[in-house]
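To start, the structure itself, in structure tokens.
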There are 2 protein chains.
Amino acid sequence: MPQRGRPRGFDAEAALERAVEVFWRQGYEGASVSDLTAAMGINKPSLYAAYGGKEELFRKVVARYAEQDMGYARNAIAQPTAYQVVATLLRENVLAVTRPDRPAGCLSIQGGTACSDENAPVAGFLAASRLAGEHALAERFAGAVAEGDLPADADPVALARFVMIVTEGQAVHAAAGVSREDLQQAAEIALAGFAAASGARLPERAT
Amino acid sequence: MPQRGRPRGFDAEAALERAVEVFWRQGYEGASVSDLTAAMGINKPSLYAAYGGKEELFRKVVARYAEQDMGYARNAIAQPTAYQVVATLLRENVLAVTRPDRPAGCLSIQGGTACSDENAPVAGFLAASRLAGEHALAERFAGAVAEGDLPADADPVALARFVMIVTEGQAVHAAAGVSREDLQQAAEIALAGFAAASGARLPERAT
DNA sequence: TCAGATACGTACCGCTCGGTACAGAATTCT
DNA sequence: AGAATTCTGTACCGAGCGGTACGTATCTGA
């Protein structure tokens, strides 16, 4: 029972990928259904049949983005020490928000921080997804405190919040056109600041 | 020759203030002209006659916002030491983006980081205005280096970029509903990080 | 071979968008 | 008083919005 009826005439994954770029570049409200179908190479009824509507498409787009473009965050959180977690996260985030083959910034911010009352759920959904990453990072830091990798008096939740604030600021900055190199400098300052403020154990190196 | 013809039936400054809130809460594209006129208590032709149009109104709104709601930044930059500049800026920014009588976040981000091609000038205008503040801060830090308040090898431009990144991240976080107290914790971490990473001279206190 | 099912393209739906024409009301200058 | 000027409210403009009805094309299962 694989497929009955006429088979779909386009690659749903490839079309979704095109939609990622449109929403990323123009935001949820700034991307019209016509913009989307033009970029995806399909007609409107196909979009509604395959994805359910604009908002449902957007949610699928965000899910795909999280999987395809946020992998570095999962990689970062798996690093062996808190310092390396933050170093990886901040450095990889700079690369991610300044990829030359992608729109500048980060979909979960470019998608829309503010919108009309009608679309408020979209902004809320994006905000919640950003905060979910922060919770994961806080738990990672809590583990680091338990291991002695971070000092006992370190506040894992506040530290995670600081790090996520930096990544969000980097994304906003990147969207404003700031270069990868310039953001890398700022990331190193943030990393040094994290190390000093948290008391994290540093990796072996010449001091 | 003060006024000829029928006098305006509303207070243009008060109406502009209402418009600030609408754009702040809903963003440029998310705020319709009808939303604006309803909040301002005027009809559309009055809006066009008094302000020139939606985009011109938005620019006037941003100018008013910069004057009324960003005063803390000018105050911060006038502090006597780099450390105090950053301490004031970060702490006051937290208060500004979490004012209970105002929308959460910051107009220059909520206004729109991404939008349709048609409104791209608006996003560019906001981005440029954010970066202007960063330049002013960099010059302040350059002066601090010259004075010996910051070490000779400190990079004023990169430090300013780091600080502005934090303020932008705070604004995004605030718009997501994070509380003032939670942001204050993160601001203290950022401040301690700035001090450590920059080598700024600290104010006298118990070490 | 043909019925059932699914996807496609066209053409359209009601609605809201940003923006304006126009006539009447309120004021100043002569 | 009356002309000139400016603001106000209503009613409207063309365009684009998100979303869909419908007839046709293409597939599977019997």
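A note on names: the letters A, B, ... follow the listed sequences, proteins ahead of strands, and every chain is numbered from 1.
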| said: Measuring to OP1 and OP2 of C:dC17, would you say a side-chain N or O of B:Ser32 lies under 4.0 angstrom away? | reply: yes

| query | What nucleotide among D:dT8, D:dG18, C:dA5 has an atom nearest to a side-chain atom of B:Phe10? | reply | D:dT8

| query | Would you say a side-chain N or O of A:Ser34 is under 4.0 Å from OP1 or OP2 of D:dG16? | reply | no

| query | Does B:Ser46 make a side-chain N or O approach to OP1 or OP2 of D:dC7 shorter than 4.0 Å? | reply | no

| In whole angstrom, what separates A:Leu47's CG from D:dG18's C1'? | 11 Å

| request: Rounded off to whole Å, could you give me the CG-to-P distance for the A:Asn119 and D:dG19 pair? | output: 9 Å

| message | Can you measure A:Phe58 atom CZ to D:dG19 atom C1' for me and round it to whole angstrom units? | response | 19 Å

| Atom CZ of A:Arg6 to atom C1' of D:dT26: distance rounded to whole Å? | 5 Å

| Per the side chain to side chain contact (heavy atoms under 4.5 Å, CB included) rule, which among A:Ile165, A:Val172, A:Thr167 passes with B:Val172? | A:Val172

| task | Looking at every strand, decide which applies to A:Ala31 at a 4.0 Å heavy-atom threshold: base, sugar-phosphate, or nothing. | result | sugar-phosphate

| Taking only side-chain nitrogens and oxygens of A:Asn43, does any of them come within less than 4.0 Å of OP1 or OP2 of C:dG9? | yes

| Between the base of C:dA7 and the side chain of A:Arg8, is there a donor-acceptor distance below 3.5 Å? | no

| Quick one: B:Tyr48 OH to D:dC7 C1', roughly how many Å, whole number? | 17 Å

| Can you tell me if B:Asn119 uses its side chain to pair, donor with acceptor, with the backbone of B:Val122 under 3.5 Å? | no

| said: Please pick, from C:dA26, D:dG9, C:dC8, the nucleotide with the shortest atom-to-atom distance to any side-chain atom of B:Pro7. | reply: C:dA26

| Rounded to the nearest Å, what distance is computed from the NZ atom of residue A:Lys44 to the P atom of nucleotide D:dT20? | 11 Å

| message | Under a plain distance cut-off of 3.5 Å, with no hydrogens placed, do B:Gln26 and B:Asp35 share a side-chain donor-acceptor pair? | response | yes

| field | Residue mapping more 5' on DNA chain C - nearest nucleotide basis, B:Gly5 or B:Glu55 | value | B:Glu55

| field | 5' priority, DNA chain D, between A:Val33 and A:Pro45 [closest heavy atom] | value | A:Val33

| field | Whole-Å gap separating P (D:dG16) and NZ (B:Lys54) | value | 16 Å

| Roughly, in whole Å, what's the span from CD in B:Glu118 to P in D:dA15? | 14 Å

| Taking only residues two or more places apart in sequence or in another chain, which ones pass side-chain hydrogen bond (donor to acceptor under 3.5 Å, both in side chains) with A:Asp101? | A:Arg99

| query | Is there side-chain contact between B:Trp24 and B:Val61, with at least one heavy-atom pair below 4.5 Å? | reply | no

